[in-house]
Amino acid sequence: MFLLDIQRSPHVIRDVRSVVEAALGALGLKLYFAAEGLRGVSIDARLGPQVHADEAALVGQVPSELEQWLFARAESREPFTELFYLPGAEPGSLTLGVALCVQRAGDQLLTRPVFLAADVMDDVYHRLPREAWAIF
């Protein structure tokens, strides 16, 4: 279970290909909405809050180390039901509902997790705007 404690703050809402994105930049969060409700939450690798899954920190980590953690985690689950990859080769976990995207931090890449609603998991890459998956 993931819990983000977000206090109300001013935010900007704009239309992005039929998905409304509310940028909560000061908190390092981007929320992606559609008519059905919240579709995803992206957490900035440098500014966002730390989120843990099974005691592993997911935000601002070395991508290859977290990918190995996902492999180890998948070994204890039903074959072919745990891992997925985005077109940019970023790994994700179906059971956690997260894609481990990356973000530049100087000359390094750090993990920038994108958490997804359960009903988005059938077509992860096409359910959020392209900018949700971009390296920045």
Side-chain angles (χ1 to χ4, degrees):
M1 178 175 174
F2 298 100
L3 175 64
L4 295 176
D5 185 13
I6 303 171
Q7 296 179 349
R8 292 182 186 266
S9 64
H11 57 277
V12 178
I13 297 178
R14 58 193 165 112
D15 186 21
V16 181
R17 292 186 189 187
S18 77
V19 178
V20 177
E21 173 191 325
L24 302 170
L27 297 175
L29 302 173
K30 284 189 179 181
L31 307 180
Y32 297 95
F33 292 92
E36 303 83 18
L38 184 64
R39 303 288 67 170
V41 177
S42 176
I43 303 179
D44 188 284
R46 295 179 297 144
L47 303 173
Q50 187 56 262
V51 177
H52 292 83
D54 296 337
E55 300 182 23
L58 301 181
V59 181
Q61 304 301 306
V62 176
S64 61
E65 291 176 6
L66 273 187
E67 184 176 33
Q68 289 302 313
W69 174 79
L70 280 180
F71 285 157
R73 190 176 181 282
E75 288 178 359
S76 66
R77 286 164 173 68
E78 186 73 26
F80 309 109
T81 62
E82 176 62 18
L83 299 176
F84 68 89
Y85 281 86
L86 294 173
E90 296 94 345
S93 166
L94 293 170
T95 59
L96 292 175
V98 65
L100 296 177
C101 297
V102 294
Q103 176 180 331
R104 293 189 192 283
D107 63 349
Q108 297 179 327
L109 291 176
L110 300 175
T111 55
R112 177 183 57 85
V114 177
F115 293 93
L116 303 151
D119 61 341
V120 174
M121 298 306 293
D122 64 337
D123 187 14
V124 173
Y125 189 71
H126 296 101
R127 296 294 195 103
L128 297 183
R130 287 183 187 175
E131 68 182 61
W133 315 119
I135 298 173
F136 55 89

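Only this structure's heavy atoms are used, side chains among them; waters, hydrogens and symmetry mates stay out.
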Report the C-alpha separation of Leu128 and Leu116 in whole Å, then their side-chain angles, then the decisive distance to 0.1 Å, and conclude whether the side chain to side chain contact (heavy atoms under 4.5 Å, CB included) test is met. CA-CA 9 Å; Leu128 297 183; Leu116 303 151; 3.5 Å; yes
Heavy-atom closest pair, residues [X] and [Y]:
X	Y	result
Ser42	Tyr32	CB-CE1, 4.0 Å
Glu78	Thr81	O-OG1, 2.5 Å
Cys101	Glu90	CA-CG, 3.8 Å
Tyr125	Pro87	CD1-CD, 3.4 Å
Pro63	Val102	CG-CG1, 3.6 Å

Taking atom CZ as the centre, does Arg104 end up with more than 12 heavy-atom neighbours from other residues, nucleotides or ligands that are less than 6.0 angstrom away?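 At most 12 heavy atoms, drawn from other residues, nucleotides or ligands, come within 6.0 Å of this atom.
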For atom CZ of Phe80, is the number of surrounding heavy atoms from other residues, nucleotides or ligands below 6.0 Å larger than 12?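 No, the 6.0 Å shell around CZ holds no more than 12 heavy atoms from other groups.
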Pair Glu82-Thr95, side-chain donor/acceptor within less than 3.5 Å: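 There is such a pair (donor and acceptor under 3.5 Å, judged by atom type) between the side chains of Glu82 and Thr95.
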Could Lys30 and Phe115 be counted as a cation-pi pair, given that NZ or CZ must be under 6.0 Å from the ring centre and within 45° of the axis?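 Lys30 over Phe115 ring: no.
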Are [X] and [Y] close enough that some pair of their side-chain heavy atoms sits under 4.5 Å apart?
X	Y	result
Val41	Leu29	yes
Ile43	Pro49	yes
Leu58	Leu66	yes
Phe33	Arg39	no

Would you compute the distance between atom [atom1] of [X] and atom [atom2] of [Y] and round it to the nearest 0.5 angstrom?
X	Y	atom1	atom2	result
Leu96	Met121	CG	CE	9.0 Å
Glu36	Asp119	CD	CG	7.0 Å
Phe71	Ser93	CZ	OG	12.0 Å
Tyr85	Glu67	OH	CD	3.5 Å
Asp44	Arg112	CG	CZ	8.0 Å
Leu94	Phe84	CG	CZ	6.0 Å

Let's go through Asp122 and Arg127 carefully: what are the C-alpha distance in whole Å and the side-chain angles of both, what is the deciding distance for salt bridge (charged side-chain N to carboxylate O under 4.0 Å, His left out) to 0.1 Å, and is it a yes or a no? CA-CA 9 Å; Asp122 64 337; Arg127 296 294 195 103; 3.1 Å; yes
Linking I/L/V/M/F/W/Y whenever their side-chain heavy atoms sit closer than 4.5 Å, directly or via other members, would Leu47 and Leu109 fall into one cluster?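 No, no single cluster joins them.
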Going only through I, L, V, M, F, W and Y residues with side-chain contacts under 4.5 Å, is there a path from Val59 to Trp69?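 The answer is yes; both residues are in one hydrophobic cluster.
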Among all residues two or more places apart in sequence or in another chain, which pass the side chain to side chain donor-acceptor pair (under 3.5 Å) test with Asp54?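 For Asp54, the residues satisfying side chain to side chain donor-acceptor pair (under 3.5 Å) (neighbours in sequence not counted) are Arg73.
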Decide yes or no on side chain to side chain contact (heavy atoms under 4.5 Å, CB included) for Val98 and Val114, but give the supporting numbers first. CA-CA 6 Å; Val98 65; Val114 177; 5.8 Å; no
Take Leu70 and Leu83 through the side chain to side chain contact (heavy atoms under 4.5 Å, CB included) test and state the conclusion after the steps. CA-CA 8 Å; Leu70 280 180; Leu83 299 176; 3.9 Å; yes
